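Take a look at the structure below.
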Amino acid sequence: QVPLLESWGGSVQAGGSLRLSCAASGYTYNSNCMGWFRQAPGKEREGVAGIYKTGGSRIFTDSVKGRFTISQDNAKNTVYLQMDSLEPADTAMYYCAAAPAPCLLSAVARAYTYWGLGTQVTVSS
């Protein structure tokens, strides 16, 4: 059993789009805070987006606002990250993260309890 299972990423040209998914199961099934982080070589892990399972409120880091969208399908217990207008600077390993209630959405990695193994996204110029 994989608690958080990310879909495969991919390689696209600048301006292209990708959609990532994260399916929660087991102990993470009822996590109320779910988010996406990314980390490029030589850089710190960066919070990208988060969503409350209950209510659907969302947060985004400034660098992706207007380009990325986080959404959820509660029937499938799955969270999505739709990435449009991709830029080379978006190239990174992307990680799904989750935390049980009580929780607050955060860009700080230590706020999350469960993590996926990561999936690579590469954007060429």
Side-chain angles (χ1 to χ4, degrees):
Q1 183 180 51
V2 181
L4 294 175
L5 181 61
E6 298 117 334
S7 63
W8 288 357
S11 181
V12 298
Q13 293 182 328
S17 298
L18 286 172
R19 188 181 73 163
L20 305 179
S21 65
C22 174
S25 62
Y27 295 117
T28 68
Y29 186 84
N30 290 320
S31 295
N32 197 42
C33 292
M34 299 195 70
W36 289 94
F37 288 74
R38 65 186 182 186
Q39 187 167 24
K43 297 184 179 180
E44 296 180 345
R45 186 166 295 189
E46 175 189 24
V48 176
I51 187 169
Y52 284 113
K53 183 177 180 180
T54 300
S57 296
R58 298 161 168 82
I59 60 169
F60 299 91
T61 191
D62 287 343
S63 64
V64 307
K65 287 182 179 178
R67 299 189 299 117
F68 290 11
T69 299
I70 187 169
S71 61
Q72 63 188 347
D73 184 340
N74 286 337
K76 298 180 179 180
N77 206 39
T78 299
V79 175
Y80 303 93
L81 184 67
Q82 177 68 43
M83 302 181 290
D84 298 321
S85 300
L86 282 162
E87 305 169 354
D90 296 316
T91 296
M93 187 75 72
Y94 283 71
Y95 298 90
C96 180
C103 62
L104 291 173
L105 294 178
S106 175
V108 179
R110 65 178 179 269
Y112 293 86
T113 304
Y114 307 107
W115 292 85
L117 296 178
T119 187
Q120 179 68 39
V121 171
T122 301
V123 184
S124 60
S125 60

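Note that these values count all heavy atoms, side chains included, but never hydrogens, waters or copies made by symmetry. If you're wondering where the values come from, they're calculated on a predicted model, not measured in any experiment.
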Thr61 and Glu46: CA distance, side-chain angles, deciding distance, side chain to side chain contact (heavy atoms under 4.5 Å, CB included) verdict: CA-CA 9 Å; Thr61 191; Glu46 175 189 24; 4.0 Å; yes
How far apart are the closest heavy atoms of [X] and [Y], and which atoms are they?
X	Y	result
Cys103	Ala99	SG-O, 3.9 Å
Phe60	Phe68	CE2-O, 3.4 Å
Ile70	Met34	CD1-O, 4.2 Å
Arg38	Ala92	CB-CB, 3.8 Å
Leu18	Gly10	CD1-O, 3.9 Å
Leu105	Ile59	CB-CD1, 3.5 Å

Donor-acceptor under 3.5 Å ([X] side chain, [Y] main chain):
X	Y	value
Ser57	Tyr52	no
Ser7	Ser21	yes
Thr91	Val123	yes
Tyr95	Glu6	no

Euclidean distance, [Y] [atom2] relative to [X] [atom1], rounded to 0.5 Å:
X	Y	atom1	atom2	value
Thr78	Leu20	OG1	CG	12.5 Å
Trp36	Ile51	CH2	CD1	12.0 Å
Met93	Leu117	CE	CG	9.5 Å
Lys53	Gln72	NZ	CD	8.0 Å
Gln39	Phe37	CD	CZ	11.0 Å
Ser125	Gln13	OG	CD	9.0 Å

Heavy-atom check, side chain of Pro100 versus side chain of Thr113, under 4.5 Å: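 They are in side-chain contact.
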Side-chain touch Asp90/Arg67, heavy atoms, less than 4.5 angstrom: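 Side chain of Asp90 against side chain of Arg67, heavy atoms only: contact under 4.5 Å found.
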State plainly whether one hydrophobic cluster holds both [X] and [Y], where clusters connect Ile, Leu, Val, Met, Phe, Trp and Tyr through side-chain heavy atoms under 4.5 angstrom apart.
X	Y	value
Leu104	Val79	no
Val48	Leu86	yes
Tyr114	Tyr94	yes

Step-by-step side chain to side chain contact (heavy atoms under 4.5 Å, CB included) determination, Arg58 to Ser71: CA-CA 8 Å; Arg58 298 161 168 82; Ser71 61; 4.0 Å; yes
